[in-house]
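I have placed the structure first, in the form of C-alpha cells, so that the comments after it can refer back to it.
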Amino acid sequence: MKNNPTNRQIKVNRNLYNPKFEGYKLNLNTDIQIIHHNLPSKVDVNCIKTYSHTPYKIIEARNRLNFVFQNPWYSYSFFYIDESYSLIYILIDEVTFEATYYNLFQIEEPADEDKNEYPTVVFVNENLLVLSDGAFNGKIYVLNFNNENKVVTIKTIISKRKLLEENNFYEQNVYPVNLMYAKLSCDKQKIYILGYTYNSSSIISNLTTFNKSKKTKLEFYVSLCEITIGSSSIDIDSGNTISSNLKLISATKCNNSPTYGSIEDYITETVESSSKTNIDIINEGNYMIVSENDAFQEYISIVNNDEKDKKVDNENLSNKESMIIEKQDKQLQNQIPKHTTLYKWYQEMDDITLYFHLFELEKNRVQCKFTKNKIILNVLNRNNEIIEIFNDELWDEVIPEECVWTIERSRNKSGSIITLHLEKKNQVRWIQMFKEDDHVLETVDPSELANIKERLLMFTGNDDEDQGLYPKINSIQQTEECDMEKSPISFVRLSKAGHITDINQGSGFEWLCTSFPTLDSPYFMSDNDNCVTNSQEPSVVSYLCLKQDVDGIILKPEDHLKMNHCAVFNAFGFVEASKRNKKFAYISNDFEYALISETSKLVYVYGQPTDEEAKRNSASQYLIDVSNPDSQVITDEDQKEELIHGIAQLDRHTFMVLKRSSFCIFFIRNE
C-alpha cells in the first residue's frame, strides 16, 4: 500500500523581515552605463502562430519563456536561437563589453505545421546541453559544447516521431516539448530531462486514437525522461544521426502549465537487504513541480513499465487512469486538516480576530484558554458531550493576558457566534492562523481594505518627506493600479516513478519569480541517519521568490520540498503588482537586486538597502531605459524590434536585455 504524500509547510525566518521599511526612492546619482549591440541574426520570435482559438493557458506559458539561454558555468556569455533555427553563442568581453558571435549548430527546422512551440535549451553541465526543436513529433538534441574552441559536437539526436511509432502506448504524445531542467545521472551515462507538453486539437499523431466523439480538454503533461549517452560523438556526415534512446520514465497530468520544475540531486541510501547485510543504493530522478494551486486537483501519473510490445486496449487504459485518479485524489483529501471550513479570520498589525458559527449555547458551556503559542477551546453540546474545537499551536506568539473571547447570538441564522480576539506579541503579518497549515485563508475585513491600500502606498514614495537627492518614484512614473490578486501556488514532489511523495499547497504565499540560474554545491539534509552526502558535480539552482503580504521572500528548494528561507526583498510583492505592463521578473542570484522588465523600453531595478539607506528604512530604485537611441520607432514593425524577449545576469552588477535584433548590457553598483 502506498503511503500518503507528506504535507510540507514553508517555515519563514522572522528575523529577516524589516517591518519598518518605508519604500524605494529613485536613485539618480548612479551613472548607469548602457551598451547596445546588434545581433548577427534576429531572434526566432515569429515561428509560432497564435490564433483566436489558442487557449489562454498556452499563451500564458509562451509569454513566460525567456529567449536568453544562459549556461551558469560561464559568465559574460549567452545563447539564443535565431530565425533560421541556428544556435548562436555570444561571448562578451568583461572589460570592454565588446561582443563576439559564434554560429554553433544548425537545427533541422520543423515544417510550418509542426512548429508547435518555441525551441528551448537546458544545460546539464559546463559541456553538455539538451535542445528541443519545439515540435510535438520533432527532435531532441544532446550537444557537447567546447568552450575553448567554441564548437559543438552532437552526442545524440532523438526523433520523437520515431519513438511514437515504436511505443504505441498512450492516447496522447507525452514526450516533452518545452524543456525545464536536465541533470546527469550518478554513473554519468544518462541524462534526466524534465519538460512538459499538452494535448490539443493541433497535435498531429500517427497513433490509433479512440473516443473521438469525446470533447478534448486541455491538459498538460510534465514528463521525466532518460537519455542514454555514449562516450563518443556522432559523425553527422555518416547519416546515422537519429536515435531512439530516450526512455519515458513517468508523466504527470495536471490542469495548468508548470511555473517551475527541477530535479533533485542524487543521494546514496544505506538499506538492509534480505540477507540482513547493509547495501548502498542510489536514489535519483526525484523531481519538483510548481504550478497554480488548482493544477493538481485532478492528475494521474503514467509510469512506463518497459513493456514496449504490449498493446494497451482502450478500456484497460481508461480504467487504469480512473484507478490512479481515485487513489491520488484520496491521498490529497487525507492531507486536508480538520477545521478547513470552520472559521474565518482577519488581522491588523497588532491583533487578529477569529470567529465562527456554532449551535446555540450559553457562555458557561464554553471553555477557552490562551497560552503564548496555543488556543484550547472546548464546548459542551446538548448531550453534555465535550467537543474540541481548537487545540492547536499558533503560527506566532500572542500575549495571553490581552486575548479575549466573546459569544453572541447570530442575527441572521439560529445558533451562536464565538469570536476570539488575539493580541500579537510581534507586529508582523501572519501567513496562516496555526503552525500546522489548515489552508484557511485570511478574510480581509472590508472596513480595513481602504486602510491597507493607504498603508501600501508608502512603498512608492512619501509626499511629506524631504526628497533631497532621492526624488519620489511618482515624479517620473504615475501611480498604477495594483493587481494584488494572484493565483495561489502548489508545490508537488514526485519520485522517479511518478508517485507523489510530498505536497505543499503554499497557503499564504503567491508566486512572484525565480532568481537567475546559478551553481550550487549539492548537499543533502535528512532526518534519516541512513542517508549520506554524495560528492557530485555542482547543480543548477534557481531560488524561488514568493509573495507574502507585500514582501518577496526568497527560498532555496531542497529535498522533499524543504524550503530554506534565505532572504527577504522588502515590498517586492507590492511593486511587482504595480507594474501592469511587466514581462519578466527576476531576483539576482546573490539577492542584491530585483528586476522587473516591461514588454518594451523600461527595466526597473530594486536594490537591497545600503548601510546608509537602512538607517532611513528605504532602498534605491533604478530606472533603465533599454531602447536603442539610434533606432527610429515609426512603424508597427519598428515597435516590434524594441520588444523585450529575454533578460539575464552576466555577473554581480551586470545584466543584459535581449530584443529581436539587438541586445544591451547595463551595469549597476548599489552603493
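- The side-chain heavy atoms of Leu643 and Val45, taken from C-beta on, include no pair separated by under 4.5 Å.
- Between the side chain of Gln70 and the backbone N or O of Gln649 there is at least one donor-acceptor pair closer than 3.5 Å.
- Separation of the Tyr141 and Phe105 ring centroids falls under the 6.0 Å cut-off.
- Counting only N and O atoms by type, the side chains of Tyr196 and Ser291 include no donor and acceptor under 3.5 Å apart.
- When side chains are defined from C-beta on, Phe97 counts as touching Tyr76, because their heavy atoms get closer than 4.5 Å.
- Panel note: side chain Asp551, backbone Asn570; no donor-acceptor pair is recorded below 3.5 Å.
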Quiz item: Would Leu246 and Ile193 satisfy side-chain contact (heavy atoms from CB on, under 4.5 Å), going step by step from the backbone distance to the final call?
Solution: CA-CA 10 Å; Leu246 181 142; Ile193 61 170; 4.1 Å; yes

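- In this structure, Val603 and Phe655 have side chains that are not in contact, with every pair of non-hydrogen atoms separated by 4.5 Å or more.
- Without hydrogens or angle criteria, His653 side chain to Ile668 main chain gives a donor-acceptor distance under 3.5 Å.
- Every residue two or more places apart in sequence or in another chain that forms a side-chain hydrogen bond (donor to acceptor under 3.5 Å, both in side chains) with Ser86 is listed here: Ser84, Gln106.
- Taking NZ of Lys582 as the reference point, atom SG of Cys513 lies at 11.0 Å (rounded to 0.5 Å).
- A cation-pi geometry, defined here as NZ or CZ lying under 6.0 Å from the six-membered ring centre and within 45° of its normal, holds between Lys579 and Tyr604.
- His560 and Asp502 form a side-chain donor-acceptor contact under 3.5 Å, judged by distance and modelled atom types alone.
- For the residue pair Asn589/Ser515, the side-chain donor-acceptor check at 3.5 Å is not satisfied.
- The line from CE of Met563 to CZ of Phe509 is 10.0 Å long, rounded to the nearest 0.5 Å.
- Between Phe569 and Tyr24, the ring-plane angle classifies as parallel under the 30° and 60° cut-offs.
- Contact of the Val568 side chain with the Gln548 side chain is not registered, since no non-hydrogen atoms from C-beta on lie closer than 4.5 Å.
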Self-check item: Pair Thr501-Asn286, side-chain contact (heavy atoms from CB on, under 4.5 Å): steps then yes or no
Solution: CA-CA 10 Å; Thr501 64; Asn286 305 309; over 6 Å; no

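- Qualifying side-chain contact (heavy atoms from CB on, under 4.5 Å) partners for Glu226, counting only residues two or more places apart in sequence or in other chains: Lys190, Tyr192, Lys247, Ile249, Lys496.
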Self-check item: CA sep, side-chain torsions, deciding dist, call: Phe663, Tyr80, ring-ring contact (aromatic ring centres under 6.0 Å, His included)
Solution: CA-CA 11 Å; Phe663 72 96; Tyr80 77 94; 8.5 Å; no

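- Annotation: side chain of Asp133 is not in contact with side chain of Pro119 (no heavy-atom distance under 4.5 Å).
- A salt bridge does not link Lys601 to Glu642: none of the charged nitrogens lies less than 4.0 Å from a carboxylate oxygen.
- Proximity of a side-chain donor or acceptor of Ser250 to a complementary backbone N or O of Leu224 within less than 3.5 Å is not detected.
- Remark: the backbone N or O of Glu148 is paired with a side-chain donor or acceptor of Asn146 at under 3.5 angstrom.
- Of the N and O atoms on the side chains of Ser257 and Glu60, not one donor lies less than 3.5 Å from an acceptor on the other residue.
- Atom-to-atom distance recorded for Thr252:OG1 and His499:NE2 is 10.0 Å, nearest 0.5 angstrom.
- Here the shortest heavy-atom pairing between Ala182 and Val130 reads CB-CG2, 4.4 Å.
- Using a 3.5 Å distance cut-off with no hydrogens or angles, the side chains of Tyr198 and Asn116 do not pair a donor with an acceptor.
- Within the 4.5 Å cutoff, the side chain of Leu39 has heavy atoms near those of the Leu658 side chain.
- A salt bridge between Lys183 and Glu284 is absent, with no side-chain N of the basic residue lying under 4.0 Å from a carboxylate O of the acidic one.
- To the nearest 0.5 angstrom, Ser542 atom OG is 4.5 Å from Tyr260 atom OH.
- For Cys545 against Phe572, the heavy-atom pair with the smallest separation is SG-CD2, 4.0 Å.
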Quiz item: Under the side-chain contact (heavy atoms from CB on, under 4.5 Å) criterion, do Asp82 and Asp44 qualify, and how do the steps go?
Solution: CA-CA 5 Å; Asp82 71 5; Asp44 183 24; 5.7 Å; no

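- Within the 4.5 Å cutoff, the side chain of Val152 has no heavy atoms near those of the Tyr89 side chain.
- The heavy-atom pair separating Ile431 from Ile10 by the smallest distance is CD1-O, 4.3 Å.
- The minimum heavy-atom distance linking Leu248 with Tyr175 is given by the pair CB-CE2, 3.9 Å.
- Between Phe145 and Phe79, the ring planes lie perpendicular to each other; the angle is over 60°, past the 30° to 60° tilted range.
- Minimum interatomic distance between Cys566 and Tyr543 (heavy atoms only, all atoms of both residues): SG-CE2, 4.0 Å.
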Quiz item: Hey, mind stepping through Asn127 and Trp73 against side-chain contact (heavy atoms from CB on, under 4.5 Å) and telling me if it holds?
Solution: CA-CA 9 Å; Asn127 301 120; Trp73 278 266; over 6 Å; no

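- Ile81 places none of its side-chain heavy atoms less than 4.5 Å from the side chain of Tyr118.
- Aromatic ring centres of Tyr181 and Tyr287: separated by at least 6.0 Å.
- Ion pairing of Lys42 with Glu83 is absent here, as no side-chain N (NZ or NE/NH1/NH2) approaches a carboxylate O to less than 4.0 Å.
- Taking CD1 of Ile553 as the reference point, atom NZ of Lys547 lies at 11.5 Å (rounded to 0.5 Å).
- Considering all non-hydrogen atoms of both residues, Ala135 and Lys160 come closest at O-NZ, 2.8 Å.
- Remark: side-chain polar atoms of Thr120 are paired, donor with acceptor, to backbone N or O of Leu179 under 3.5 angstrom.
- Under the 30°/60° scheme for interplanar angles, the aromatic rings of Trp430 and Trp395 are found to be tilted.
- Looking only at distances, a side-chain donor or acceptor of His565 sits under 3.5 Å from a matching main-chain atom of Ala567.
- For the atom pair CZ of Phe666 and CG of Leu650, the computed distance is 9.0 Å after rounding to the nearest 0.5 Å.
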